[in-house]
Amino acid sequence: MEEIYLCKYGELALKGLNKGQFESVLLSNIRKKIAPFGEFRVRSSQSTIYVEPLGETVNKPGLFRELLTVFGISTVCRAAKTEKNIDSIVATVKEYIPPFLEGKRTFRASAKRADKKFPMTSPEIAATVGAAVLEATNGKIGVSMEKPDADITVEVREEYAFVHADAVRGAGGMPVGTSGRALLLLSGGIDSPVAGYMMAKRGAKIEAVHFESFPYTSEKAKEKVLELANIMSSYCGQMRVSCVSVTGIQERLKDTVDESYFTLLLRRSMMRIACAVAKQRYCDALITGESLGQVASQTMQALNVTNAVSDIPVFRPCIGLDKEEIIEIARKTGTFDTSVLPYEDCCSVFAPRHPKTRPVMEKVVEEEEKAQLSELERTALENLRVYFLPEKES
Ligand code: ATP
Ligand code: MG
């Protein structure tokens, strides 16, 4: 029996968007993702994407797992393909469906008919299929129309009919690449990989910039960040990480400005450099992992002061999340264990004991002028180093 995979996307998500572009990006993302698992035919029809394994060598569990991580797919189900006549449908149901019903007490059968020329109505097909399930399971399972443990569906489509049990929830969101490009400020912490995940889920194509402070921060700290990007690539696609050294900027700030402004001014410098990288890389927005009130540099006043140096939007998808909520996403996406490895981030180098939590813009600018950072920022940008992390299997 031929088993195929039906991937559905929420029709509502397409409102006002270009459906053709959505589909073609999604198809190409799926093809790229499942390529390591064998050969497939992937096509879309009527808001469903059909993934058909070609040949016997396909790694089916791997394929299924992978499909569940592709943004833009709302549900995935394994289905048996059958000829479009009721005898063939019934035979397929009897053979294919019973394993899906193990441990379940009730089921409901339903039918969808895309082909209105099919000689039976949907309720007739459903009734026939329901009877076939009862027969195949020797009455071990009952019918419930209201709250079934399992939904058995027959879809009569253009060329074939498909039989399947419950659909499994997919990653949801929008296909990566349908919502523009954005540059993620990626630290080694818990929050920024989560912020990247959330924006990739909304369809943004992401690349990253990481600031290091060698020799105050170690080679291990950078490796950790590259490993985070590597993990992220399983849902964001290939990741490019630009590493920028801010050692010179930090030393200048330490020598010239009032200590309590150090972190704020470093963050403004990071934002200016990030904006320049974004422009070089055709990114239309920045993304950070900031969360309101989490630390001194993330009060509303401090955020205003750092935001002011960016001339493109700064997206902060974690802004309203508690740390526990952020950690929950980090665990789900697999970055948490790497994020908590104990290597220092550049933000903690020379960090003041009493940072300003309610900075006033005029005073910030006054302090910043003492440091004369523009030349150092230009040099930092010129010496940027790029790392590629190819798309990884999940
Ligand atoms: P995270 O868990 O993401 O490190 P955090 O709570 O430690 O967040 P901060 O260190 O204040 O917060 O950083 C806030 C945001 O600034 C980070 O989420 C990230 O987007 C950016 N950022 C901080 N340090 C760096 C860095 N070294 N390189 C790139 N971006 C950084
Ligand atoms: Mg951090």
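Remember, it's 1-based here, ligands and their atoms both numbered in the order they're listed.
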My understanding is that we take every heavy atom of each candidate and find the minimum distance to [atom]. Doing that for [options], which one comes out nearest?
atom: atom 16 (O) of ligand 1; options: Glu212, Lys222, Arg267, His210; value: Arg267
atom: atom 1 (P) of ligand 1; options: Ala351, Ser187, Ala296; value: Ser187
atom: atom 5 (P) of ligand 1; options: Asp345, Thr335, Leu185, Asp191; value: Asp191
atom: atom 3 (O) of ligand 1; options: Ser348, Ser192, Gly189; value: Ser192

Atoms in ligand 1 with a heavy atom of [X] nearer than 4.0 Å:
X: Cys347; result: 23 (C), 24 (N)
X: Thr288; result: 20 (O)
X: Gln294; result: 5 (P), 6 (O)
X: Gly289; result: 17 (C), 18 (O), 20 (O)
X: Leu186; result: 28 (N), 29 (C), 30 (N)
X: Ser297; result: 11 (O)

Does [X] pair with [Y] as a salt bridge, N-O distance under 4.0 Å?
X: Glu52; Y: Arg43; result: yes
X: Lys84; Y: Asp115; result: yes
X: Asp191; Y: Lys323; result: yes
X: Glu375; Y: Arg378; result: yes
X: Asp311; Y: Lys279; result: yes
X: Glu344; Y: Lys220; result: no

Determine yes or no for a side-chain-to-main-chain donor-acceptor pair under 3.5 angstrom, with Asn307 supplying the side chain and Leu303 the backbone. no
Main chain of Val305, side chain of Arg268: is a donor-acceptor contact present, judged purely on distance under 3.5 Å? yes
Short N or O distance, Phe211 and ligand 1, threshold 3.5 Å exclusive: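 There is such a contact, yes.
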Looking only at distance, does Cys346 have an N or O less than 3.5 Å from an N or O of ligand 1? no
For ligand 1, indicate whether the residue Leu184 contacts it via side chain, backbone, both or neither (heavy-atom separation under 4.0 Å).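 It is neither; nothing of Leu184 touches ligand 1.
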Using a 4.0 Å heavy-atom cut-off, say whether Ser339 meets ligand 1 through its side chain, its backbone, both or neither.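 Answer for Ser339: neither.
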Just do the side-chain contact (heavy atoms from CB on, under 4.5 Å) check on Thr92 and Met1 with the steps written out, would you? CA-CA 8 Å; Thr92 306; Met1 182 177 332; 3.7 Å; yes
Residue from Phe22, Tyr197, Tyr9 passing ring pair (Phe, Tyr, Trp, His ring centres under 6.0 Å) with Phe71: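 Passing option: Tyr197.
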Applying a strict 4.0 Å limit to heavy atoms, is Val209 in contact with ligand 1?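 Contact present.
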Could you check whether any heavy atom of Gln298 sits closer than 4.0 Å to an atom of ligand 1, since that is the contact criterion I want to use? yes
